[in-house]
Amino acid sequence: MIALSVNLNKIALIRNSRDTTNPSVPAHAQMCIDAGADGITVHPRPDQRHIRASDCFDLAGMLSVEFNIEGNPFTEARKSDRQGVGDYPGFMALVREIRPAQCTLVPDTDGQLTSDHGFDLKKDGERVAPLVEELKSLGIRTSLFMDPDPEQIRLAAQTGTDRIELYTESYAHACKSGDNVEAIFAQFITAAEVAADVGLGLNAGHDLDLHNLPRFATVPGLLEVSIGHALTVDAIRMGLANTVAAYQRALGK
Ligand SMILES: CC(=O)[C@@H](O)[C@H](O)COP(=O)(O)O
Ligand SMILES: NCC(=O)COP(=O)(O)O
């Protein structure tokens, strides 16, 4: 069974567009859970453009499903520039205190519009490995955000991480454009086979949607997908409960 972890970044983005608590991130998480979500994912960024550190604590206090916190482990603490919003404590400081079920390390720089690449572990492997070890010692399952690159995936196994999360934007783009879909999808099949060969659990995410998900769900060994942007947009059209159910059906459940 492939777990569906709903990413709430865009719910927080709507909330932050006013000085309000509406929509409530915890209340939205509960609606996702009531509708059948297997997990909740958030990606607190240093500018707190959407998910804030306070959201992570609020969610940690109420979730009855797995909590996955994603982010760049090398981000430093940053003062909030918005009245009434707490400071960003730094990613590792936040995760050390919350101790979510899973932590997905993502090599985003602070100013990126969105996540757009996996780790280069030739460059950063020696910095990442000790953090993986620390997170695991805290009882947190670790995952590294990776491109579907066999050499990099083999390097990921050397860090000691439990899982990797395949960055699926290239597949989503190919599905939209119709160009090279088979060749791109074959890259993910190969990446999944390499991950299994080196003992890594397999997650995936970014730009997955109701159209591209059914085929991606056939990737061997896939354990979890985290989906936020397209699912939130679909919920505007279909309603949240119907949307979560539709994504579960797209996963073959
Ligand atoms: C790592 C990844 O691909 C997404 O989980 C990320 O959370 C997207 O971030 P934004 O929602 O800020 O675009
Ligand atoms: N790790 C991917 C994620 O959490 C959500 O990505 P997206 O569906 O918002 O592109």
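Both backbone and side-chain heavy atoms feed into the values below; hydrogens, waters and symmetry mates do not. Here, residue 1 is the first one in the sequence, and each next residue gets the next number. Start at 1 and go down the list; that is how both ligands and their atoms are numbered.
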Would you tell me whether N203 and Q102 have side-chain atoms, one donor and one acceptor, within less than 3.5 Å of each other? yes
Numbering as shown, the atoms of ligand 2 that approach H206 to under 4.0 Å (heavy-atom distance): 2 (C), 6 (O), 10 (O)
Does some non-hydrogen atom of L208 fall short of 4.0 Å from ligand 2? no
Counting heavy atoms only, name the option from H43, H50, H229 that's nearest to atom 12 (O) of ligand 1. H50
For atom 3 (O) of ligand 1, the protein heavy atom that lies nearest, with its residue and separation: H206 ND1, 2.6 Å
In plain terms, say whether R45 and D47 are close enough for a salt bridge, that is, a side-chain N and a carboxylate O under 4.0 Å apart. no
heavy-atom search around atom 11 (O) of ligand 1 in the protein gives N9 ND2, 2.7 Å
What part of E165, side chain from CB on, backbone N/CA/C/O, both or neither, has a heavy atom under 4.0 Å from ligand 2? side chain
Using 4.0 Å as the upper bound for N to carboxylate O, is an ion pair formed by D87 and K79? yes
Distance to 0.1 Å, residue and atom name: give those for the protein heavy atom nearest to atom 5 (O) of ligand 1. E70 OE1, 2.3 Å
Give a yes or no on whether a salt bridge exists between E193 and R154, defined as a side-chain N under 4.0 angstrom from a carboxylate O. no
So does R78 pair up with D110, basic N to acidic O under 4.0 Å? yes
Classify the side-chain pair R52/N16 by whether it contains a donor and acceptor separated by less than 3.5 Å. yes
